[in-house]
Undergrad: 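Before anything else, here's the structure in question.
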Amino acid sequence: RIAGPCLIADRIDYGRERVRDVAKRLAGVFSDDSRAVLELRDVAALLAPSQRVGIWLDDSAAMLGVTRSTGTYSSVVLTVTGTPALLVVAGAIVITGPDGSVWTQQNDVTLSAGGSGTCTATAGTLGVVEAPSGTLLKTTGLPAGVTQVTNVNDAVVGLPADNDETLWQAMRDRTAI
């Protein structure tokens, strides 16, 4: 049987009241600033939907069919130039962008008879990391036989992971009428 919104709300209200009752009884045993009373107040606050954060908020979102985005990494196509027929294995090319971002080659590339090829690199940081065309240029510290690596096109920027605020907004969007 699927629990409807009213049944879930009734259970939350019951749980909140139960925690308050226990907290009141314990208040006579412990001082107001004791760790047990403070922790119970935190639990009571978390039972209130508007006070939920972190995994508690994730649980509320799941009831609405909303999940927290874990984010994605930015990616870029690198043009590799060097010795014809050279195999450059994944991970051999690491480039630092002008902003300090680090990009790592993700797949093997065999250079053509003309001495060029392409591979994909991803940023080492989750979320939005930009690399406009031509900003990833490396001519030193490359694997043997590789003379230059660059990005001819802009990177496809990643998405940041949802924080509590963006998850709250997704929940509000989901329930908007």
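It should be emphasised that the depicted structure is a prediction, and the values quoted were computed from it without experimental measurement. In what follows, residues are counted from 1 in the order of the sequence shown.
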Undergrad: Is the backbone of Leu64 close enough, under 3.5 Å, to the side chain of Arg174 for a donor and an acceptor to pair up by distance?
TA: yes

Undergrad: Can you tell me how far NZ of Lys138 sits from CG of Leu78, rounded to the nearest 0.5 angstrom?
TA: 11.0 Å

Undergrad: Among Val129, Thr122, Thr120, exactly one meets side-chain contact (heavy atoms from CB on, under 4.5 Å) together with Trp103. Which residue is that?
TA: Val129

Undergrad: Can you check whether Pro132's main-chain N or O pairs, donor with acceptor, with Asp154's side chain at less than 3.5 Å?
TA: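 No, the answer is negative, given that no donor and acceptor are paired below the 3.5 Å cut-off.
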
Undergrad: To the nearest 0.5 Å, what is the distance between CD1 on Ile95 and OG1 on Thr104?
TA: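 Separation between the atoms: 9.5 Å.
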
Undergrad: Looking only at heavy atoms, which two atoms of Ala61 and Leu167 are closest? And how far apart?
TA: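 Smallest interatomic distance, heavy atoms only, reads CB-CD1, 4.0 Å.
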
Undergrad: Minimum heavy-atom separation for Ser74 and Gly158, please, with both atom names.
TA: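 In terms of heavy atoms, the two residues are closest at OG-N, 2.8 Å.
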
Undergrad: Do Thr166 and Trp168 have side-chain atoms, one donor and one acceptor, less than 3.5 Å apart?
TA: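 No.
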
Undergrad: Using modelled atom types only, decide if a donor and an acceptor are shared between the side chain of Thr96 and the backbone of Gly100 within a distance under 3.5 Å.
TA: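 Between the backbone of Gly100 and the side chain of Thr96 there is no qualifying donor-acceptor contact (under 3.5 Å).
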
Undergrad: Say you draw a straight line from CG of Leu57 to CZ of Arg68; how long is it, rounded to the nearest 0.5 Å?
TA: 5.5 Å

Undergrad: Report yes or no: does Asp108 contribute a side-chain atom to a donor-acceptor pair with the main-chain N or O of Ala90 at less than 3.5 Å?
TA: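 Judged by distance alone, yes, a pair lies under 3.5 Å.
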
Undergrad: How far apart are the closest heavy atoms of Asn151 and Leu136, and which atoms are they?
TA: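 Closest approach of Asn151 to Leu136: OD1-N, 2.8 Å.
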
Undergrad: Report yes or no: does Thr175 contribute a side-chain atom to a donor-acceptor pair with the main-chain N or O of Met171 at less than 3.5 Å?
TA: yes

Undergrad: If you compare all heavy atoms of Val80 against all heavy atoms of Cys119, which two are closest, and at what distance to 0.1 Å?
TA: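 Of all heavy-atom pairs spanning Val80 and Cys119, the closest is CG2-SG, 3.9 Å.
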
Undergrad: Yes or no on side chain to side chain contact (heavy atoms under 4.5 Å, CB included) for Val88 and Ile93, after CA distance, side-chain angles and deciding distance?
TA: CA-CA 8 Å; Val88 184; Ile93 299 172; 3.9 Å; yes

Undergrad: Is the side chain of Thr72 donor-acceptor paired with the backbone N or O of Leu159 at a distance under 3.5 Å, no angle test?
TA: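 Checking the backbone N and O of Leu159 against the side chain of Thr72, a donor-acceptor pair under 3.5 Å is found.
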
Undergrad: If I compare all heavy atoms of Thr83 with all of Leu111, which pair ends up nearest, and what's the gap?
TA: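 For Thr83 and Leu111, the tightest heavy-atom pair comes out as O-CD1, 3.4 Å.
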
Undergrad: For a side chain to side chain contact (heavy atoms under 4.5 Å, CB included) check, start with the C-alpha distance between Thr139 and Thr147, then their side-chain angles and the critical distance, and finish with the verdict.
TA: CA-CA 6 Å; Thr139 57; Thr147 56; over 6 Å; no

Undergrad: Distance-only, no hydrogens or angles: does the Ser112 side chain make a donor-acceptor pair with backbone N or O of Gly114 under 3.5 Å?
TA: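 Yes: the side chain of Ser112 pairs with the backbone of Gly114.
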
Undergrad: Side-chain heavy atoms nearer than 4.5 Å, only ILVMFWY residues, links allowed to pass through others: does that put Leu86 and Leu142 together?
TA: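 Yes, same cluster.
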
Undergrad: Is atom CD of Gln106 surrounded by more than 12 heavy atoms (other residues, nucleotides or ligands) closer than 6.0 Å?
TA: yes

Undergrad: Can you measure from CG (Asp58) to OG1 (Thr67) and round to the nearest 0.5 angstrom?
TA: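 Asp58 CG to Thr67 OG1: 9.0 Å, rounded to 0.5 Å.
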
Undergrad: Using the rule given for side chain to side chain contact (heavy atoms under 4.5 Å, CB included), can you reason through Gln105 versus Val94, listing the C-alpha separation, both sets of side-chain angles and the distance that settles it, and then say yes or no?
TA: CA-CA 6 Å; Gln105 172 192 3; Val94 178; over 6 Å; no

Undergrad: Quick check: closest heavy atoms across Glu165 and Arg172, and the distance to 0.1 Å?
TA: O-NH2, 4.4 Å

